[in-house]
Amino acid sequence: MERTFAIIKPDAVAAGHSGAILQRIETAGFAVVAMRLTRLSKSDAEGFYAVHRERPFFDALTTFMSSGPAVVLALSAPEAISKWRTLMGATDPANADEGTMRRDFGTSIDRNATHGSDAPETAAFELSYFFRGLELV
Ligand code: GDP
């Protein structure tokens, strides 16, 4: 079993898609091992996306991620990291395969509905950024 970190981003929560996305997560065979509705501060978002600090979209990204409530999740499954990336689809919803989260619930590259860790090291960092060990059931 592997764990990954996921976010239902503020655009998807505001649009009322949290339930549909959670249902797809469970249907796909992930176990939800932690979950919380939270609103990131601007500095929370800047710390989370620190790797993107030099990118031109950093300010827009962190402003958007702190613009409203989001659902943060720890998911468990065999090969959870790649499995969740596949289910999410490409970063830009316009390029995402049919049936993926971003295709179905995202509206643009900066409002793309979901986040998922891209490697074991980032999953470890991101899980610990949001959850204490005791919260992971
Ligand atoms: P991800 O791993 O698929 O989420 O993509 P990245 O780690 O490359 O980028 C993080 C997030 O920044 C993405 O999910 C997008 O919401 C946003 N992003 C990435 N590239 C761009 C871009 O070129 N323009 C804008 N506005 N946002 C972007």
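Order of listing sets the numbers, starting from 1, for every ligand and every atom in it. Worth saying up front: this structure is predicted, and the values here are computed from it rather than measured. Positions are given from 1, in the same order as the sequence printed here.
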Result of checking Ile21, Val72, Leu37 against Ile8 for side-chain contact (heavy atoms from CB on, under 4.5 Å): Ile21

Passing candidate, side-chain contact (heavy atoms from CB on, under 4.5 Å) with Leu73, options Ile7, Thr114, Leu22: Leu22

contact_flag Asp118 ligand 1 heavy-atom lt 4.0 Å: no

Part of Met65 with heavy atoms under 4.0 Å of ligand 1, whether side chain, backbone, both or neither: neither

Any Arg111 heavy atom less than 4.0 Å from ligand 1: no

Side-chain donor/acceptor of Lys83 to backbone N/O of Ala28, under 3.5 Å: yes

Shortest reach to atom 15 (C) of ligand 1 by a heavy atom, considering only Ile109, Thr114, Thr122: Ile109

Sub-4.0 Å heavy-atom contact, Met88 with ligand 1: no

Ser66/Lys42 under side-chain hydrogen bond (donor to acceptor under 3.5 Å, both in side chains): CA gap, chis, key distance, verdict: CA-CA 5 Å; Ser66 55; Lys42 180 85 156 92; 5.9 Å; no

Sub-4.0 Å atoms of ligand 1 with respect to non-hydrogen atoms of Asn112: 13 (C), 14 (O), 15 (C), 16 (O)

Close approach, Arg102 and ligand 1, non-hydrogen under 4.0 angstrom: yes

Min side-chain heavy-atom separation Glu2-Pro78 under 4.5 Å: no

Per atom 25 (C) of ligand 1, closest listed option by heavy atom (Phe58, Phe64, Tyr49, Phe57): Phe57

Parallel, tilted or perpendicular, as decided by the 30° and 60° cut-offs, for the rings of Phe48 and Tyr129: tilted

Verdict with supporting geometry, His115 and Tyr49, side chain to side chain contact (heavy atoms under 4.5 Å, CB included): CA-CA 11 Å; His115 166 84; Tyr49 281 116; 3.7 Å; yes

Shortest protein contact, atom 3 (O) of ligand 1 (heavy atom only): Thr91 OG1, 2.6 Å

Closest to atom 10 (C) of ligand 1 among His52, Arg85, His115, Arg55 (heavy-atom distance): His52

